[in-house]
Participant: 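After the structure tokens below, expect a handful of questions from me.
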Amino acid sequence: MKSANVKRYFQFLLIVLAAGAIFPLIYLRTNYQETILEVYGMTLPQLNTIFSALGIAFIVGYFPSGWISDKFSAKKLISISLLFVGLAGIWFAQVPSYPVVIFIFIIWGIFSVLTFWSAHLKIVKLISKKEEEGRFFGVLDGGRGVVEAVLASIAVFLFSRVLGASTAVADKKDALVNVIYMYSGVLIVVSILIMIFVNVDGNSEKTEAVSEKNEPKAKGSFKDVFSNRFVWLLGGIIFMSYIVTWTIYYFGGFLQTNIGINASIVGTVTVIMLWMRPVGGIAGGFLGDKFGKSNILIIALGLAAALLIMISVLPASLPPYLFYALVILSGLSVYTIRGLYWSLLGDCNIADEKLGLSIGLISFIGYLPDILLPLVMSMMISSFGDAGGYNAYFIFSAVAGALGILITVIFKMGVAKRATITVKDDISV
């Protein structure tokens with residue numbers, strides 16, 4: 001293996017490690033929603049409100065994160081992000097009041113997006129070759145999944161070990177606090193490792209140099225990014241796909257509320273679902289490079305929509321193992337989607353010096369559901385009750401998946417048309 005490739009893959013590995021370590025603490029509700037509600041004395045609507053505040057911090061941060069990633073060292077941005085998310089996690093472990101919890105989530109939102117998001121995506125795009133984009137973005141999400149699944153498995157072990165057979169809230173608090181400390185400690189350690197061992201940040205330096213030379217063209221860059229229809233289409237694809245992927249945060253609550261499964265089994269099923277992330281992300285990336293990224297994304301969206309409808313309409317009296325299988329398969333399709341949609345970035349015809357701004361705009365559009373979906377879920381529960389609310393939400397998400405397929409088809413046709421025009425122009429020349 002060439003030394004240049006070793007350096008490339010090593011940098012990519014560190015990015016995957018950072019990406020996998022930064023988000024599990026923020027989305028602890030995936031496996032421990034009911035426990036969080038008990039320990040912190042919150043209702044589900046209050047928790048959804050917190051995640052809406054988190055979503056606002058995300059949305060405010062996405063677009064400027066693109067500009068920041070064009071200006072500063074990615075190594076420092078990633079390291080600082082991990083450090084502050086970890087420190088806020090230690091604060092969260094003190095089980096503070098509800099208003100303080102909201103503030104902690106805002107801190108998490110700032111340091112997981114504003115200083116981190118575009119920086120890590122931009123580096124992946126720059127270090128991957130055109131024919132590798134599917135697998136690089138697939139491995140990015142799948143590798144994150146491996147890191148998250150390993151951490152989640154350790155967390156479940158800690159939680160079960162501390163809690164034992166107890167159902168007391170005080171014991172649940174001790175178990176949850178141990179889990180939070182574990183996640184926070186990992187973040188701080190990874191932050192230090194990146195600061196020590198990542199010595200070269202070549203891509204960011206290169207981009208900074210390009211930005212300085214082209215400073216007078218900044219306004220032109222904004223115009224070019226906003227006038228690129230593929231940027232808007234990709235934003236729409238991610239918007240609809242993201243609605244589908246958000247369902248993973250409610251599968252645990254669905255199994256407990258609708259099917260009547262106890263918290264321990266739910267935790268096991270959701271951890272198995274998390275292990276579908278490396279399978280779906282990596283396999284989807286390689287299949288995307290072989291058969292077309294848009295084609296595999298369309299199939300994954302269709303499969304996810306079909307599974308969500310099945311979960312929502314099948315009688316709860318059926319054997320619980322059927323719902324375990326449907327949830328795990330839904331996780332597989334969802335993680336395939338997550339591993340693929342950013343790989344379409346290479347088809348948007350974006351110059352490297354405008355890549356950060358483009359990622360910022362696409363992220364701003366694509367992740368608007370972070371604000372909207374918790375409110376939608378609260379509305380569903382208010383309108384249809386707890387059990388009916390989960391079913392209605394999954395049907396709503398399936399419809400979004402169908403719209404995502406439509407936008408992806410339009411995107412694919414546009415890319416093909418542009419390629420045909422390019423070939424004709426080359427022939428005429």
Participant: Would you say the side-chain atoms of Ser69 and Ser118 include a donor-acceptor pair closer than 3.5 Å?
Facilitator: no
Participant: Hey, could you give me the CD1/CG distance between Ile106 and Leu54, rounded to the nearest 0.5 Å?
Facilitator: 9.0 Å
Participant: Within this structure, what is the OG-CZ distance for the pair Ser363 and Phe63, rounded to the nearest 0.5 Å?
Facilitator: 10.5 Å
Participant: Run Ile188 and Leu82 through side chain to side chain contact (heavy atoms under 4.5 Å, CB included) and show every step you take.
Facilitator: CA-CA 6 Å; Ile188 294 170; Leu82 295 170; over 6 Å; no
Participant: Given 3.5 Å as the limit, does a donor-acceptor pair link the side chain of Gln256 with the main chain of Gly253, or not?
Facilitator: no
Participant: Check this for me: Phe103, atom CZ, are more than 12 non-hydrogen atoms of other residues, nucleotides or ligands nearer than 6.0 Å?
Facilitator: no
Participant: Is there a donor-acceptor pair closer than 3.5 Å between any side-chain N or O of Thr247 and the backbone N or O of Ile243?
Facilitator: no
Participant: Between Thr257 and Asp386, do the side chains contain a donor N or O and an acceptor N or O under 3.5 Å apart?
Facilitator: no
Participant: If you take the centroid of each ring, where Trp contributes its six-membered ring, are Phe364 and Phe239 closer together than 6.0 Å?
Facilitator: no
Participant: Is there a side-chain contact between Asn228 and Ser358 in this structure, where contact means two heavy atoms from C-beta onward sitting under 4.5 Å apart?
Facilitator: no
Participant: Using modelled atom types only, decide if a donor and an acceptor are shared between the side chain of Ser382 and the backbone of Met379 within a distance under 3.5 Å.
Facilitator: no
Participant: Give a yes or no on whether the backbone of Tyr242 and the side-chain of Thr245 come within a donor-acceptor separation of less than 3.5 Å.
Facilitator: yes
Participant: If you look at every heavy atom in Met195 and Ser79, which pair is closest and at what distance?
Facilitator: CE-OG, 3.4 Å
Participant: List in chain and number order the residues that pass ring pair (Phe, Tyr, Trp, His ring centres under 6.0 Å) with Phe396, two or more places apart in sequence or in another chain; answer none if no residue qualifies.
Facilitator: none
Participant: Go through the structure and list residues passing ring pair (Phe, Tyr, Trp, His ring centres under 6.0 Å) with Phe230, not counting sequence neighbours.
Facilitator: Phe411
Participant: Calculate, to the nearest 0.5 Å, the distance between atoms CG and OH belonging to Asn258 and Tyr250 respectively.
Facilitator: 14.0 Å
Participant: For Tyr249, does the six-membered ring have the charged nitrogen or CZ of Arg29 within the cation-pi criterion, i.e. under 6.0 angstrom from the centroid and within 45° of the normal?
Facilitator: no
Participant: Could you pull out all residues at least two apart from Arg277 that satisfy salt bridge (charged side-chain N to carboxylate O under 4.0 Å, His left out)?
Facilitator: Asp141, Glu148
Participant: Of all heavy-atom pairs between Pro96 and Ile104, which one has the smallest distance, and what is that distance?
Facilitator: CG-CD1, 3.9 Å
Participant: His120 vs Leu140, test: side chain to side chain contact (heavy atoms under 4.5 Å, CB included). Steps then yes/no.
Facilitator: CA-CA 10 Å; His120 95 285; Leu140 172 66; 4.1 Å; yes
Participant: Give every residue pair that meets the ring-ring contact (aromatic ring centres under 6.0 Å, His included) criterion with at least one member in residues 135-155, sequence neighbours excluded.
Facilitator: Phe12-Phe136
Participant: How far apart are the closest heavy atoms of Ala21 and Val147, and which atoms are they?
Facilitator: N-CG1, 4.0 Å
Participant: Side chain to side chain contact (heavy atoms under 4.5 Å, CB included) between Val156 and Ser160: does it pass, once the steps are laid out?
Facilitator: CA-CA 6 Å; Val156 167; Ser160 301; 4.1 Å; yes
Participant: Check whether any side-chain heavy atom of Leu37 sits under 4.5 Å from a side-chain heavy atom of Gln46, and report yes or no.
Facilitator: no
Participant: Would you mind reporting whether Leu361 and Trp232 have side-chain heavy atoms less than 4.5 Å apart?
Facilitator: yes
Participant: Between Ser227 and Asp224 (side chain of the first, backbone of the second, donor and acceptor by atom type, cut-off under 3.5 Å), is there such a pair?
Facilitator: yes
Participant: How are the rings of Trp246 and Phe51 set relative to one another: parallel (under 30°), tilted (30 to 60°) or perpendicular (over 60°)?
Facilitator: perpendicular
Participant: Are Tyr40 and Phe92 close enough that their ring centers fall under 6.0 Å?
Facilitator: yes
Participant: Any chance you could lay out the side chain to side chain contact (heavy atoms under 4.5 Å, CB included) test for Val271 and Asn31, step after step, and finish with the verdict?
Facilitator: CA-CA 8 Å; Val271 167; Asn31 296 337; 4.1 Å; yes
Participant: I need the minimum non-hydrogen distance between Ala152 and Tyr183, along with the two atoms involved.
Facilitator: CA-OH, 3.4 Å
Participant: Counting only N and O atoms by type, is there a donor-acceptor contact under 3.5 Å from the side chain of Ser397 to the main-chain atoms of Tyr393?
Facilitator: yes
Participant: Under the salt bridge (charged side-chain N to carboxylate O under 4.0 Å, His left out) test, which residues partner Lys173, sequence neighbours left out?
Facilitator: none
Participant: Pair up each side-chain donor or acceptor in residues 298-310 with any protein partner under 3.5 Å, not counting sequence neighbours, and list the distances.
Facilitator:
none

Participant: I need the minimum non-hydrogen distance between Ile265 and Asn262, along with the two atoms involved.
Facilitator: N-OD1, 2.9 Å
Participant: For Phe111, give me all partners under ring pair (Phe, Tyr, Trp, His ring centres under 6.0 Å), at least two apart in sequence or on another chain.
Facilitator: Phe84
Participant: If I take atom CG from residue Leu121 and atom CZ from residue Phe116, how far apart are they, to the nearest 0.5 angstrom?
Facilitator: 8.0 Å
Participant: Find out whether Phe10 and Ile15 are in side-chain contact, i.e. whether some heavy atom of one side chain is under 4.5 Å from a heavy atom of the other.
Facilitator: no
Participant: Which atom pair, heavy atoms only, marks the closest approach of Ser184 to Ile90?
Facilitator: OG-N, 3.5 Å
Participant: CG/Leu14 to OH/Tyr9 distance, rounded to the nearest 0.5 angstrom?
Facilitator: 15.0 Å
Participant: With heavy-atom distances below 4.5 Å as the criterion, would you say the side chains of Thr35 and Phe159 are in contact?
Facilitator: yes
Participant: Between side-chain atoms of residues 285-296 and protein atoms elsewhere (two or more places apart, or another chain), which donor-acceptor pairs fall under 3.5 Å?
Facilitator:
unit_1 : atom_1 : unit_2 : atom_2 : d
Asp289 : OD1    : Gly134 : N      : 2.9
Asp289 : OD2    : Arg135 : N      : 2.9
Asp289 : OD2    : Arg135 : NE     : 2.9
Asn295 : OD1    : Lys412 : NZ     : 2.5
Asn295 : ND2    : Phe291 : O      : 2.8

Participant: Distance-only criterion, 3.5 Å: show the donor-acceptor pairs between side-chain atoms of residues 335-346 and protein atoms not counting sequence neighbours.
Facilitator:
unit_1 : atom_1 : unit_2 : atom_2 : d
Thr336 : OG1    : Gly280 : O      : 3.3
Thr336 : OG1    : Leu332 : O      : 2.8
Trp342 : NE1    : Tyr367 : OH     : 2.8
Ser343 : OG     : Leu340 : O      : 2.5

Participant: To the nearest 0.5 Å, how far apart are CG in Asn48 and CG in Leu373?
Facilitator: 10.0 Å
Participant: For Ile259, give me all partners under side-chain contact (heavy atoms from CB on, under 4.5 Å), at least two apart in sequence or on another chain.
Facilitator: Phe254, Leu255, Ile261, Ala316, Pro320, Phe323
Participant: What pairs of residues pass the side-chain hydrogen bond (donor to acceptor under 3.5 Å, both in side chains) test when at least one of them lies in residues 104-115, not counting sequence neighbours?
Facilitator: Ser81-Thr115
Participant: Taking only residues two or more places apart in sequence or in another chain, which ones pass ring pair (Phe, Tyr, Trp, His ring centres under 6.0 Å) with Phe157?
Facilitator: none
